[in-house]
Amino acid sequence: MPPDGWPEKAARFTYIVVTRFFSIAVLLAAWEILARSGTFTPFQLPALSNVLLRIWQDAVTGDLAINTALTLYRALVSFAICAVGGVAIGMAMSRNRLAHWFFDPIISVGFPMPKIAFLPVIILWLGVYDVSKISIIVIDAIFPVIAATVIAIQGIERELLWSARNMGAREREMLWQIVLPAALPQIMTGLQVALPLTLIVAVVAEMLMGGYGLGGAMMTASRFANSTGVFAGIVEIAVIGYCLVKAMALLRRRLLIWHQEANEPTTA
Amino acid sequence: MKAPLDRSRRLGRVHATMSVPAQIVVDQVSHLYRPPRGREVLALDQVSLDVANREFVALLGPSGCGKSTLLYLIGGFLPVETGAILVDGKPVAAPGPDRGIVFQHFALFPWKTVRGNILYGLERQGMPKDEREQRALDFIELVGLNGFEDSYPSQLSGGMKQRTAIARTLAFDPKILLMDEPFGALDAQTRGLMQAELLRIWQRTPKTVIFVTHDVQEAVYLADRVAVMSARPGRIKTIVDTKFDKNDPAIFKAKAFVEKVDEIWNLVKDEAIKAQGKRT
Amino acid sequence: MKAPLDRSRRLGRVHATMSVPAQIVVDQVSHLYRPPRGREVLALDQVSLDVANREFVALLGPSGCGKSTLLYLIGGFLPVETGAILVDGKPVAAPGPDRGIVFQHFALFPWKTVRGNILYGLERQGMPKDEREQRALDFIELVGLNGFEDSYPSQLSGGMKQRTAIARTLAFDPKILLMDEPFGALDAQTRGLMQAELLRIWQRTPKTVIFVTHDVQEAVYLADRVAVMSARPGRIKTIVDTKFDKNDPAIFKAKAFVEKVDEIWNLVKDEAIKAQGKRT
Amino acid sequence: NSAEPVKIRMSWVAPVSNWASIVLEKKDLAKHMGKSYTIESIRYQGTPQMIAAIANNELEVSNLAYSSLAIAIGNAGLEDIRVIADEFQDGVPGHYSSQYYVRKDSGINKVEDLKGKVVGTNGGGSAIDIAIRATLKKHGLEEKRDYTMLEGPLPAMPAMLLEKKADLIPAVLPFALNPKLKEEGKVLFEQRETLGVTQMIVWTARKSFIDKNRAAMVDFMEDMLIITRWYQDPKNHAEVAQIASKITKAPPERFGWLFTKADTYRDPNLIPNVEALQRNVDVTQDLGFVKNKIDIKKYVDLSLAQEAAKRLK
Amino acid sequence: MKQFIRYLPLLLLALGWELAARLELVSTTALPPLSEVVVAWIDMIKTGELVTNGLASLYRAGAGLGLSIVIGGVLGIAMAWSKPVNVLVAPLVEMFYPLPKSALIPVTVIWLGFGDGSKILLIFLGCMLPVTIGAFNGARSSEQVLVWSARSMGAHKLRMLWDVVVPSAMPELLNGIRTALALSFILLVSSELIVAQMGFGYLIGYLGANGNYDAMYAVVLTVAFLGFAADRIYLLITKRTLAWRE
Ligand SMILES: Nc1ncnc2c1ncn2[C@@H]1O[C@H](COP(=O)(O)OP(=O)(O)OP(=O)(O)O)[C@@H](O)[C@H]1O
Ligand SMILES: Nc1ncnc2c1ncn2[C@@H]1O[C@H](COP(=O)(O)OP(=O)(O)OP(=O)(O)O)[C@@H](O)[C@H]1O
Ligand SMILES: [Mg+2]
Ligand SMILES: [Mg+2]
């Protein structure tokens, strides 16, 4: 085998990009063709090219950067709270009977509760600024993390816990050094569910409460029947979301390099 | 409720008949597994066993007779529900680094490399960094895993995993060693080397060892006493003295040795046949 | 690229020198593990081995030399990247029920009971319900697990898991048996019983068997030929003929038998020492 | 000619105050319902969804605020939309006009004092939102530069004011009746002071639909006239309060004001105030919500309501 | 008694609510005391509208959830085990995951209108995310020797997926389904809030628009209670399904 020269590398890279984005490209092409075919009015389905143009204009004026930064900030701060809080509550529930007693029914009730209905209360308590938005996001996205943590900890092989106890690990150390890594695969799954949820709820909260942010911009566009603006928002959120989801998957791969899933499945 | 009375009587006897007080006292211990679904299994039935300080006891018995269960109880992993287990005179309440255990299925941390697995116990003992790194290397060397320090358990062969587990437990130098078929997955030669190393460590830094094995020769060779367990529900059937000069290379051919092996072999055989008989 | 030429030459030779065509042909197979992170390991290096129809071959070798890897390749679980493996004249492409395997770590389905595990293969063969239920019971009986039919693997002792794995593979009666230290976790007696059963099955419904073991005696007793592998990277070092009358109860004491055991023991020992030597 | 009755889907947002939420309660008065047409009344969260539904032919008769009408025509390009009837008008003399409250103790005594304050709204571009912006603009105040807009649901507005989350809030019926609001708040201005009569909400339908189903639509309008008149007839007031109570789960006593002089004006002939509508749409355009001036007369078709009214003479 | 202690935290929560409202920690217009909510609830049960609206809602939630479990599960497993599926489908899934489903309404309305179809689609899309991620990650982590085991006993590829990959993925998959179950109730309400003639979300929407918060919270609590019951039943089933995990 000759050493990899740049042409091979470039070819390989192109190949990956082409295959990876093939389906998206097809979707986008279908969109443009459909919109231009005249089947729909621009209000129903604006052409992709116009939407991109609009995004470009927003980028030039700086609106895009501000809105994106605000939405991301809200989503990521909430995500951090969900990750830390969710894992902590989940761990407490698995290791402490009192915590389990307290949280178990509350989670069962709180998880499927349509929390939007409490919006007026939240606005009155916390206002419409970041605190209230972040609170709404957190109460919506923390549950998957808690649930995943609990079920992950239940599934840990008891010999692993014994092993650590045997080598002198104290309860606190066990949590960090054994329970957490052993449960990590499923906790990561919970986080992978929670991250896009935080983005979704961030946008929805912005839509409901107005103000800056991608959701606010989309809501405004939608009120003024500005479809191009609405679809621009959809595209922007899709791109940001895609990056977040990908980043999370990469992080997972890094953290779980030891795990079975790091290997490509054989004998498929 | 006559158990408490019984126990105190028995404990008295132990102290009276042995010059050194036993380091591990297993007193009329029974263990019943109650799985959430499926049948209950009485794994141990009134097992009693005393192991003196620095003694090396081998545990033999048919498959499923409760050997692992007994180690788990002494290790403090399972709660002692009937009977009592004392270590150094105190009832066992929880696992602790005074009792190192090598699990039958290794129980390596899959997210740590070979080195990381071995280092873990040392960190927990609070050993300084340089020292523990050195010690980990020494033990990797000892079990012949040089070059695999940074491999994850999933990248090791069965025997290599087992050797990692052995190294991990030996490295943090517990006073008491509980070993559950520690050499089961090793080839004859590596096994011989490991046996020699174990003996060397045992002699240099004296430890009390309880060693489960299926190899009668190994048991007789390594142990001071061999406890033979009966088929399920497990009981201690007989305890045989097996003190030989471990440093004699010709020991395996010695008549006394071969006879001991035969004697124990027959004891185990009876049990296995009984176990088999019970089924049909 | 001279492999193809080489191979065809070699295959020719095989057919010429053996009266029956080999059922399993392993031809100059190498295997390199490339883990996602960590070092690459050359587990097998140009291994060649032919196993005739109905032959019983034992595989011996130091820990980590690639025995399991070789079985995985023959089983069709890992892709053959260099060299070739033919079974019944066809290159191995995928796993199939013609080659039954007993894994070193059992690989029982944790969500199925003992019975469910054994039934699984039979269901896949499309055996009628009554028949397969009966057959599962027979094999549970054979390995002495009556009473544990409905236990989950997590509720079994090490040896019991292993016996379940053996029963599962024997039950669906594959033409070729690949067994990776199948008796490693069994006590001497149960092991003896299992050996006898295996031989009985092998003689009654003839099979080709490749059998990895660390017990030299067992290898010599069971196998027609014993292949000794060298330390990593694994190669086949020697193949020794070991045809004895398996039905002679005194065989273990026979001079010829003991000599064979010694011969092979020494071969393995050299390898293990080499493996050890390599490290230091 | 066709035996199948025409399906008419009607939209509503707020119960009781939108006709579509209550007309079916008196369907026994209707003469043609079930024969030449049928009604489905569908609740929408807001106008954006209605505009999308109209565009997709999912909604035949929609109740749009004047601002939404301007947006539907100017931004969504719904050129064939037609105003066919009135729903209610704000500020008609002798009737209610939306009030805008501040706290008594806030020190805000005139609109100019709102500089730097927080102003509550139910959402940018709504009829009320535009009224606020227009009023404040008249007094020289611009959003963002001079005041902050805070969005919240209309029912929560009194609480937002009283809990000091907002300094000015719109009070529409029935939330304006909150006793604590009356006690601790005071009216800073009424909508009519700046906008005069506001044609708040109109019914619209697409021209294509009207043309195709003209006869059925006249039948429909006729029945609607009968029903809406019944509701506004003072002698039915007790029963009306019962219906409102059943729908909103609020006690009937709370509906004393409903369809009286204390309520906003509803035209008995369902005829909208086109002149006011033109003014309102112009304000919307002034504030920049739609680009171009809209000549609203082109989008009004009162023939249905007039024909129906003739039949009832 | 045991059950009582078990659910005591809920009682505490309810008490907290009642107190917060009675002590006017928050305006009672926005959060009426729980006792009044209960009164409103009893009224609505009597008139039967909770039941009729509930049935309409449950049908939508059930259909959306069912679809998301089947399609999401299959997709997740297929993405884990088939390269082509992964390459083709994964980018789309990854793109649609983080989209607020309500933002997609303009698109879904074009195809499905504002009827049950678009609501079910919305619930389906929203619930699919956790199921797919759970199935994907669970399927990727199934132990290789188990897969090999099944294959060597004659299971063909699809069969092996069903027999080994699905059960190995079960813990994660089930957890994903639990999340989806919860989300289905939330999404149900938000989709019905947008446009509806019937359903819990419709009730919540117009009661809220009318400022009738005690009746609105009665509906919210009904949804929460149904979700709670579903979650409890679901946990029971999970416990049985995963009994093999000691
Ligand atoms: N977690 C468990 N739940 C239920 N039963 C169990 C459990 N673990 C072990 N048993 C039962 O207890 C008995 C003793 O098991 P144990 O593992 O102690 O045997 P062992 O002597 O170590 O056998 P082996 O030599 O095969 O490892 C067995 O019959 C087994 O079925
Ligand atoms: N998944 C893997 N990734 C990387 N390396 C591996 C993997 N599996 C095995 N190896 C390496 O391949 C070599 C051979 O492993 P194999 O399991 O075939 O040995 P073995 O002969 O069966 O040993 P044992 O008797 O200890 O079971 C070992 O050195 C091991 O480190
Ligand atoms: Mg055991
Ligand atoms: Mg192996």
Side-chain angles (χ1 to χ4, degrees), chain C residues 36 68 71-78 87 92-114 116-127 132 150-156 164-165 167-180, chain E residues 69 73 76-77 79-84 86 90 134-178 234-246:
Chain C
S68 301
L71 289 199
Y72 295 162
L73 287 165
I74 299 175
F77 307 120
L78 297 176
V87 169
V92 164
D98 54 329
R99 282 150 291 147
I101 184 161
V102 179
F103 288 98
Q104 190 168 8
H105 295 304
F106 325 143
L108 298 177
F109 301 127
W111 53 87
K112 283 184 189 279
T113 59
V114 168
N117 266 285
I118 296 175
L119 278 175
Y120 184 75
L122 304 178
E123 280 164 24
R124 293 282 71 69
Q125 312 307 301
M127 189 180 279
R132 67 175 187 250
D150 297 323
S151 297
Y152 287 99
S154 64
Q155 299 162 4
L156 299 178
T164 310
R168 178 171 75 165
T169 306
L170 289 180
F172 74 86
D173 195 30
K175 261 189 336 198
I176 296 173
L177 263 179
L178 308 171
M179 307 180 90
D180 201 349
Chain E
I69 291 173
I77 289 173
M79 273 161 56
W81 280 82
S82 151
K83 198 99 199 212
N86 193 334
F136 177 78
N137 287 337
R140 297 259 320 175
S141 63
S142 48
E143 255 190 81
Q144 206 160 50
V145 275
L146 296 186
V147 170
W148 291 354
S149 234
R151 292 280 276 145
S152 85
M153 284 188 275
H156 52 80
K157 233 156 117 178
L158 276 180
R159 187 78 219 184
M160 176 278 291
L161 284 178
W162 178 250
D163 288 345
V164 180
V165 175
V166 173
S168 322
M170 211 37 110
E172 294 213 35
L173 183 58
L174 284 175
N175 196 45
I177 292 176
R178 182 182 183 191
Y234 168 84
L235 283 180
L236 271 183
I237 296 171
T238 311
K239 211 167 169 187
R240 307 199 98 208
T241 321
L242 298 183
W244 50 270
R245 297 207 310 182
E246 291 176 22

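Here is how names work: the chains are called A, B, and so on, in the same order as the sequence lines, proteins then strands, and each is numbered from 1.
Ranked by non-hydrogen atom pairs under 4.5 Å with chain E, the options C/P110, C/G75, C/G121 are led by C/P110.
The contact between C/L108 and chain E is made entirely by backbone atoms, counting heavy-atom distances below 4.5 Å. With a threshold of 4.5 angstrom between heavy atoms, E/S168 approaches chain C through its backbone and through its side chain.
Contact between C/R168 and E/S149 at its shortest, heavy atoms only, is NH2-OG, 2.6 Å. Contact between E/R151 and C/A94 at its shortest, heavy atoms only, is NH2-CB, 3.9 Å.
In terms of the side-chain contact (heavy atoms from CB on, under 4.5 Å) criterion, E/L236 has no residue partners (sequence neighbours excluded). Residues satisfying the side-chain contact (heavy atoms from CB on, under 4.5 Å) criterion with E/L235, sequence neighbours excluded, are A/S108, E/R178, E/D231, E/R232. For the salt bridge (Lys or Arg N to Asp or Glu O under 4.0 Å) test, no residue two or more places apart in sequence or in another chain qualifies with C/D180.
Taken to the nearest 0.5 Å, the OH atom of C/Y120 stands 3.0 Å off from the CG atom of E/D163. C/L71 contributes atom CG, which lies 11.0 Å from atom CH2 of E/W148 (distance to the nearest 0.5 angstrom).
For the pair E/V164/C/W111, a side-chain contact is recorded, criterion being any heavy-atom separation below 4.5 Å from C-beta on. Between E/M153 and C/T169 there is no side-chain heavy-atom pair separated by less than 4.5 Å.
Residues from residues 98-107 of chain C that place a non-hydrogen atom less than 4.5 Å from a non-hydrogen atom of chain E comprise C/R99, C/I101, C/F103, C/A107, given in numerical order.
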